[in-house]
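Notes for the one structure printed next.
Order of the sequence lines fixes the chain letters, A, B, ..., with proteins taken first and strands second; residue numbering starts at 1 for each chain.
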There are 2 protein chains.
Amino acid sequence: MSASLRIEVNCKLYLRDPQETELGRRMIAESVRLIDEIGLEHFTFRKLAQRMQSTEASLYRYFENKYRLLGYLVSWYWAWLRFQIRFHTHNVPAAALRLRLILGILTRAHRDDPTTTELDEAALYRIVVRESSKAYLTHEVDEDNQAGLFREYKYLVADIAGVVQELSPAYAYPHALISTVVEAAQKQLFFARHLPSLTDTSADATEQRIYRFLEGLLFGALHPPESA
Amino acid sequence: MSASLRIEVNCKLYLRDPQETELGRRMIAESVRLIDEIGLEHFTFRKLAQRMQSTEASLYRYFENKYRLLGYLVSWYWAWLRFQIRFHTHNVPAAALRLRLILGILTRAHRDDPTTTELDEAALYRIVVRESSKAYLTHEVDEDNQAGLFREYKYLVADIAGVVQELSPAYAYPHALISTVVEAAQKQLFFARHLPSLTDTSADATEQRIYRFLEGLLFGALHPPESA
DNA sequence: CCTCACATGAAAGTAATACTATCAACCACA
DNA sequence: TGTGGTTGATAGTATTACTTTCATGTGAGG
């Protein structure tokens, strides 16, 4: 231990880079666990400080507020996912196969990957599923976007959309398709766990079922029957 | 004026039915405008009371907190949408055409319908787009679901999934498909407005483009090319 | 060995939020 | 002429979301 790969996110998300200090790294690791446990609305810097045996003031030196911290965690996740995708598909020439591999990574993403860091990735993925959209579904979305706070997500979508374009250059909505599929991968997992009537049961395990559902969605959209 | 159709939602969403009093109805109408203007996180009952020339205490007599109020607004919207769908498709025999009509309603839903109430529907739809998922993406999701707070949404999805099953009885994921399409209709509109690199531009107007994208998605999934 | 920057801890303070409680005024209706 | 129920007015509490100030420790450079 350990090469723990360095993931970089937009520096405007933080006041001080949490990766550079012990306190910062503890802050990230503990916040993942705490947000997972109590949810973003109940999460406060005071509670985090208590659990970490630190102080509110110290934590505010790293992040402006809990929404920026969330943005950091989520961006880190998207950057990590993008790395995973590149790593596992870089030597796969066929676009269709690459797309299937990506889909597999997207739907298996909540599994703990032992190759990485001291982070609780299963908890982080639950945070991504439950909280990530709150990072951009705000009144300040345009300012935050201007500041580039969502670029990691955009890069991810752009990368995968590129594969779609390679596979089906004539398809008109590659970005919409991929953003829909990425969001659906999370939402369907959430629904399966908490609102099962919004998904469908089957013999397959949840993960497998979501994979098959998204596979049909993705490739069905790319190879239409005979759209009038 | 006016027949203003009566939409009922789960009574556990409120403490006192806001439809039954003048103050309650004003609360709904004004909250829609205020949440639209400042966003849910900045919205407080104090601010709403000030704008309405009422008091915090009075408003707390109707709703436990702002999340329940949000749940009410959103549920009201889903119930209203379901009514719209029934109204416009009740005498259409062909399932495929019915599905297309539903898709049209889903993607045109932000347009003001003059037949209804004193509500600012365009503002309500913006709230649905930006805030609705915050009603269920919480730590309390299971309790709230137990209490039936999301049933309007489930009914809507179940209704539309029923049409899908009629059209393609063999398709394995009708609920997942419809929940994905309904969520995507909102998300893609939000992206088009605020994060355009997550969608695709085209000659079509936004609304039209989202319709075509979702049409391809929906019917592509139902008529797969040759799924192995 | 000194000191100087810098990170953290400790403590306190402020404004706003998220409620709850009490009581008086009013209005509807019996 | 009561009487129950709705609202308004006022006040109060606990928590949240920060900011400020100052003391302390630590490590890097001279």
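Put simply, A/K47 has a side-chain N or O that comes within less than 4.0 Å of OP1 or OP2 on D/dT16.
Look at CD on B/Q53: it is 14 Å from C1' on D/dT7, rounded to the nearest Å. The NE2 atom of B/H42 sits 10 Å away from the P atom of C/dT17 (whole-angstrom rounding). Atom-to-atom, CG of B/L48 to C1' of C/dC19 comes out at 15 Å; the value is rounded to the nearest Å. Rounded to whole Å, the distance from CZ on A/R46 to P on C/dG9 is 15 Å.
Note on ring orientation: taking the six-membered ring where Trp is involved, the planes of B/Y153 and B/W78 are tilted (angle from 30° to 60°). By the 30° and 60° cut-offs, the orientation of the rings of A/F87 relative to A/H90 is tilted. The aromatic rings of B/Y136 and B/F150 lie perpendicular to each other, with more than 60° between the two planes, well past the 30° mark. Ring geometry, A/H194 versus A/F190: the interplanar angle falls from 30° to 60°, so the pair is classed tilted.
Between A/T180 and the choices B/K187, B/Q188, B/E183, the side-chain hydrogen bond (donor to acceptor under 3.5 Å, both in side chains) rule is met once, by B/Q188.
In the region residues 9-34 of chain B, proximity to DNA chain C at under 4.0 angstrom, judged on heavy atoms, holds for none of the residues. Against DNA chain C, the stretch residues 54-69 of chain B makes heavy-atom approaches under 4.0 Å through B/E56, B/A57, B/Y60, B/R61, B/E64, B/N65, B/K66.
At distances below 3.5 Å, not a single donor-acceptor pair connects side-chain atoms of A/D159 with backbone N or O atoms of A/G162.
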Check the pair B/Y77, B/S132 against side-chain hydrogen bond (donor to acceptor under 3.5 Å, both in side chains), reporting the backbone distance first and the verdict last. CA-CA 10 Å; B/Y77 178 79; B/S132 67; over 6 Å; no
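Note that OG1 of A/T89 and CG of A/L99 are 10.0 Å apart. Values are rounded to the nearest 0.5 Å.
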